[in-house]
Amino acid sequence: MTIVAFAEKNKAAAQIASILGEGEVEKITVEGLPAYEFKWKGEEWLVMGLSGHIMNYDFPEQYNKWNEVNPGVLLGVDPQKLVTRADYAAAVKKLAKRANKIVLACDYDREGENIGFEAKTLSEEVTNVPIERARFSSLSPKEVKKAFESLIDPDYNMAMAAEARQILDLKMGAAFTRFVTLSVRERARTKDILSIGPCQTPTCGFVYEREKAIRSFQAKDFWKITAIFSAESGKEGDDFEGTHRAGNIHDKEKAAEIFKRLKGAKEGLVAKKAVKETKTSPPNPLNTTEFLKRASKFLGISPELALEVAEQLYLAGFTSYPRTETNKYADDFDFKSLVFDFARQKEYKPFAESILIAPIIPKNGEKDAHDHPPIHPIRAASRGEISSAVNIPQAPEVYDLIARHFLANLMPAAVFEKTHLHLLVQEEPFDSSGTVLKDSGWLEAYPFENKKDKLLPFVEEGQKVGIKKLSNTKSKTSPPKKLTEAELLTLMDKNRIGTKATAPTHIETNKKRGYLETKGKTISILDTGFTLMEGLSLTVPILVRPEIRAKIEALIQEVEDGKKEFEAALDEGTALIKEMYAQLEANKKDLTSSIAGTIKDEAALEDKKNYIGTCKACGHVLRIVQTDSGRFVGCTGYPDCRNSYPLPKSGALTVLRSKECKKEGVAVLKVGNKYNWAVGIGPCFTCDLEKECYPPETVGPCPECDGSMFLITFKDTRFLGCTKRCGYTHSVPKTGKLTLLDKTCETCGWKLFRLKEEGDSPEEEFCVNRRCAEGRKYWKKPGKGAETRIKEKASLSRSAASSAENPTVSSATNSATSPATRLTVTPTAEKNSKVLTAGLKKNKEKT
DNA sequence: GCAAGGTC
């Protein structure tokens, strides 16, 4: 007779085989997967480990086209269960064919029962031999043997409870996710998925609730009356602080009144002294949640990473299985040999030795989920051993935490001596207290808990003490702090969101969706997450709270308990989801507009080229919008906010971040290379402040009058003119990119120019002034003077001169790239430029 | 493409 057993995972299969086979086990390969063959009680046994679930639900193909199926339809469709691990399915069938009996030997919990049923379903496709269940609450020899000696019937109800969960989770997740994602996409262009689920959403909800509390917090003033006393013993540490018994006084008058009564006090009386010994027990053994919380709190390691490290430590044989709800050691746990092992390891030796001198009594918790023992070390190892075996930098410290936690569990309580002094100052009561660690106990091995002494000088009852200072300090109540990841895990655990193994995943999912982010140990909600939660809590409030999970959990628990048929639970669960879906649909606009707004805001903020600023009308984001019919500045709050501003029809637009409009313009844009445009106002050259905003950048003093020379650029020529319109002009190189520098010529004081000609020619920096020795050097160079020289004394015609009265030059500072200033001509000047150049030519001709 | 649950 051949009996085939299926365990939840390979490690468990190997363990079962080695227990039952008593060392005589042959490892074989089935469809490329490991299995174990041995003889037990005269029978031929084959045990194979699965890989958790090897099947999963999904909607039939035709329902997976998001744009063709109304998401609500999914609620009326039955998802199908499909094999997701074909290799395992093939191996199961192959082994089942050989079997005279099949034993399901997965973990002892709801999912384990369900995983067993996956193997059962697949087996039944190829055989009809009896299928039984071995139920063990740990992989200890005693438990495993007992389970295999007393096989029972598989628990259909338990497996179907998990089945109902799978279907309801999928229906809800898929329908809601698609609905919200597609609705938001109608209003905002995004490829992102906005997911919703019975675990991830309440997880985000916890962070949302905290954020709301922080945002709505209103600080209140309070007063605190404190005194610095002095024992006057002449020793160091004589001073100690006392607080008036009224504590935080929220009434200013009352505080002032008390403080008045204390006025002039020079001494206080120690009316009462109480010394109390308190004991602090070691923490409970680590289950997964507690482990993840401590890894985050003490080591700053994210739950996701901590679980990964623990997994690797487990696979490398250093620590026990990391996914457990149990925080209680089994009665027959062999502490002694493990502690002996630690006594040989330098870092842990003193603690191990202290444990071994007395009978070992572990500190235990109360949860025994009959799954796996608490997370504990399997053997003592050094940092070096760990880091060479597990290639994750955090592995040694995670191992150290698990090892020290284990040892601490076996050590005595820490003893503190707490002293409380009751003092009287002019009949007003003050309190002062101190704590001293008397016996460190388990804290010796556990440096993560940092308990600092607070010392008090030695004083006796009835003794008088001096007063060095009395103060009445005003403070403000502080807002709630952001959640830490450890606190979030606690909330999830308390509210039964997710399981031991999935809590980190739910946090990760929220991060991946852009709902949450972590900074160090704290976790905060991002705008998308906040608006989504806000929208949901206004339309389907239950979704944001842990009740949603609780409701589904209650339903499937009834299935597990045999109080409700599977079909009935599915119908009820689906009805609940349909009801929520209807609420969501009815409030589609309210729900999606704010989310869409946020998404658009975020995208607009990212889009540096088009970002303009904040909309004064609604607080959303203004950006340049380009459509087929033209361009304008619009608000991401559209269509609710219709705030918009026109833009010039042509010319490349550059937002000048360093420029601020002195009027009401939202931002200043550079249009082509021509002029500037204040959003909300229009072209700067029509603004009376233009000269103030864009003063002509002068080159140096005019040699003919007390004006200054500035660069005038036209389409086909450029030269220097005088701000006083005295008629003096001066030539500049006609070709190449000309930039006015901040440097000045040491000889004449004119600013230097930089010229970059087309092609490979090097940049030149020079003085342009022909009346300066420096400048003449430049013009004398071959190819500079002859062709480019224009008549220096050419005077501007009247019309040209008058055009110069208008602001003709504006500067656009490219502050990001160079301190230099580029000079450009405004259209006003351009309009006149024909006249001006004509006049110029005339002058030329004249001479 | 969607959830949550196993496991690696």
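In what follows, chains carry the letters A, B, and so on, assigned in the order in which the sequence lines appear, proteins first and then strands, with residues in each chain numbered from 1.
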Trainee: Separation of A:I507 atom CD1 from B:dA4 atom P, in whole Å?
Mentor: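 Distance, rounded to whole Å: 13 Å.
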Trainee: What distance do A:L489 atom CG and A:I507 atom CD1 have between them, rounded to the nearest 0.5 Å?
Mentor: 4.5 Å
Trainee: Tell me the interatomic distance from A:Q200, atom CD, to B:dA3, atom P, rounded to whole angstroms.
Mentor: 5 Å
Trainee: Would you mind reading off the distance between A:M48 atom CE and B:dT7 atom P, rounded to a whole angstrom?
Mentor: 15 Å
Trainee: Find which nucleotide of DNA chain B each of A:H53 and A:I167 is nearest to by heavy atoms, and output the residue with the more 5' nucleotide.
Mentor: A:I167
Trainee: Roughly how many Å is it from CZ in A:R496 to P in B:dA4, rounded to a whole number?
Mentor: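 Distance, rounded to whole Å: 18 Å.
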Trainee: For A:D400, enumerate each residue passing the side-chain hydrogen bond (donor to acceptor under 3.5 Å, both in side chains) test, keeping only those at least two apart in sequence or located in another chain.
Mentor: A:Y348, A:R404
Trainee: Among residues 172-183 of chain A, which ones have heavy-atom contacts with DNA chain B below 4.0 Å?
Mentor: A:G173, A:A174, A:T177, A:R178
Trainee: State whether A:K101 and A:E132 are salt-bridged, where the test is any N-O pair (Lys NZ or Arg NE/NH1/NH2 against Asp/Glu carboxylate O) under 4.0 Å.
Mentor: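 Here A:K101 pairs with A:E132 in a salt bridge, since their nearest N and O are under 4.0 Å apart.
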Trainee: Separation of A:L170 atom CG from B:dG5 atom C1', in whole Å?
Mentor: 12 Å
Trainee: May I ask you to verify if any side-chain N or O of A:Q166 is less than 4.0 angstrom from the OP1 or OP2 atom of B:dA3?
Mentor: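 Answer is no, no contact under 4.0 Å.
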Trainee: Can you check whether A:T502 has a side-chain N or O nearer than 4.0 Å to OP1 or OP2 of B:dA4?
Mentor: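 So the side chain of A:T502 is outside the cut-off, no N or O lying under 4.0 Å from OP1 or OP2 of B:dA4.
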Trainee: Give me the one residue out of A:I28, A:N10, A:L46 that meets side chain to side chain contact (heavy atoms under 4.5 Å, CB included) with A:Y36.
Mentor: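 The side chain to side chain contact (heavy atoms under 4.5 Å, CB included) with A:Y36 is passed solely by A:N10 among A:I28, A:N10, A:L46.
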Trainee: Looking at residues at least two apart in the chain, or sitting in another chain, which of them share a side chain to side chain contact (heavy atoms under 4.5 Å, CB included) with A:V390?
Mentor: A:Q312, A:L313, A:A316, A:F318, A:I392, A:A395
Trainee: Check side chain to side chain contact (heavy atoms under 4.5 Å, CB included) between A:T201 and all other residues, then give those that pass, not counting sequence neighbours.
Mentor: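 Only A:I196, A:M533, A:L536 meet the side chain to side chain contact (heavy atoms under 4.5 Å, CB included) criterion with A:T201.
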Trainee: What is the distance, rounded to the nearest whole Å, between atom CG of A:L307 and atom C1' of B:dG6?
Mentor: 12 Å
Trainee: So does A:K120 pair up with A:E125, basic N to acidic O under 4.0 Å?
Mentor: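 Salt bridge flag = no for A:E125 with A:K120.
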Trainee: Please determine if a side-chain N or O atom of A:H506 lies less than 4.0 Å away from the OP1 or OP2 oxygen of B:dA3.
Mentor: no
Trainee: Side chain of A:L315 only, heavy atoms from C-beta on: which candidate in B:dT7, B:dC8, B:dA4 is closest?
Mentor: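 Per side-chain heavy atoms of A:L315, the pick is B:dC8.
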Trainee: Not counting sequence neighbours, which residues clear side-chain hydrogen bond (donor to acceptor under 3.5 Å, both in side chains) with A:E487? List them please.
Mentor: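 With neighbours one apart ignored, the set is A:T484.
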Trainee: Run the salt-bridge test on A:K500 and A:D109 with the 4.0 Å N-O cut-off and return the result as yes or no.
Mentor: yes
Trainee: Answer with base, sugar-phosphate or nothing: what part of the nucleic acid does A:G498 contact at a heavy-atom distance below 4.0 Å?
Mentor: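 Sugar-phosphate contact only - A:G498 comes under 4.0 Å of backbone atoms but never of a base.
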Trainee: Under the side-chain hydrogen bond (donor to acceptor under 3.5 Å, both in side chains) rule, collect the residues that match up with A:Y399, sequence neighbours excluded.
Mentor: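 Partners of A:Y399 by the side-chain hydrogen bond (donor to acceptor under 3.5 Å, both in side chains) criterion come out as none, since no residue qualifies.
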Trainee: Between P on B:dG6 and CD on A:E311, what's the gap in Å once rounded to a whole number?
Mentor: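 My rounded result for the distance is 13 Å.
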Trainee: Within residues 54-92 of chain A, which residues have any heavy atom lying less than 4.0 Å from an atom of DNA chain B?
Mentor: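 Result for residues 54-92 of chain A: A:N56, A:Y57, A:D58, A:N64, A:W66, A:R85, sorted by number.
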Trainee: Determine whether the aromatic ring centres of residues A:Y581 and A:F179 are separated by less than 6.0 angstrom.
Mentor: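 So the answer is yes for these two rings.
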Trainee: Identify the residue among A:E517, A:E485, A:E304 that makes a salt bridge (Lys or Arg N to Asp or Glu O under 4.0 Å) with A:K511.
Mentor: A:E485
Trainee: Looking at DNA chain B, which of residues 571-594 of chain A put a heavy atom within less than 4.0 Å of it?
Mentor: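 Within residues 571-594 of chain A, no residue comes under 4.0 Å of DNA chain B.
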Trainee: Would you say the side-chain atoms of A:S195 and A:R513 include a donor-acceptor pair closer than 3.5 Å?
Mentor: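 A pair is found: one side chain offers a donor N or O, the other an acceptor, under 3.5 Å apart.
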Trainee: Please list residues of residues 316-328 of chain A whose heavy atoms come under 4.0 Å from any atom in DNA chain B, ordered by number; otherwise none.
Mentor: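 Those residues are A:Y321, A:R323.
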Trainee: For A:Y321, does the six-membered ring have the charged nitrogen or CZ of A:K9 within the cation-pi criterion, i.e. under 6.0 angstrom from the centroid and within 45° of the normal?
Mentor: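 The answer is yes; both the distance and angle limits are met.
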Trainee: Anything under 3.5 Å between a donor and an acceptor, one on a side chain of residues 78-86 of chain A, the other on a protein residue two or more places apart or in another chain? List them.
Mentor:
unit_1 : atom_1 : unit_2 : atom_2 : d
A:K81  : NZ     : A:E163 : OE1    : 3.2
A:K81  : NZ     : A:E163 : OE2    : 3.2
A:T84  : OG1    : A:I54  : O      : 3.1

Trainee: By side chain to side chain contact (heavy atoms under 4.5 Å, CB included), which residues pair with A:N327, not counting sequence neighbours?
Mentor: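 Side chain to side chain contact (heavy atoms under 4.5 Å, CB included) list for A:N327, sorted by chain: A:N284, A:N287, A:K367.
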Trainee: Counting just side-chain N and O atoms, does A:S195 come under 4.0 Å of either OP1 or OP2 of B:dA3?
Mentor: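 Affirmative; the distance criterion is met.
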Trainee: I need the residues from residues 544-554 of chain A with at least one non-hydrogen atom less than 4.0 Å from DNA chain B; give them sorted by number, or say none.
Mentor: A:R549
Trainee: How is A:S51 classified with respect to the nucleic acid when contacts are heavy atoms under 4.0 Å: base, sugar-phosphate, or nothing?
Mentor: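 Since a base atom lies under 4.0 Å of A:S51, the category is base.
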Trainee: Flag the pair A:R98 and A:E37 as a salt bridge only when some basic side-chain nitrogen lies within less than 4.0 angstrom of an acidic carboxylate oxygen.
Mentor: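 So A:R98 pairs with A:E37 through a salt bridge.
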Trainee: Counting the atoms with a prime plus P, OP1 and OP2 as sugar-phosphate, which does A:R110 contact under 4.0 Å by heavy atoms, base, sugar-phosphate, or nothing?
Mentor: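 No contact at all - A:R110 keeps every heavy atom at 4.0 Å or more from the nucleic acid.
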Trainee: Whole angstrom is fine here: how far is it from OH in A:Y515 over to C1' in B:dC2?
Mentor: 11 Å
Trainee: Touch check for A:R513, heavy atoms < 4.0 angstrom, all strands: base, sugar-phosphate only, or nothing?
Mentor: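 Sugar-phosphate, backbone atoms only, no base.
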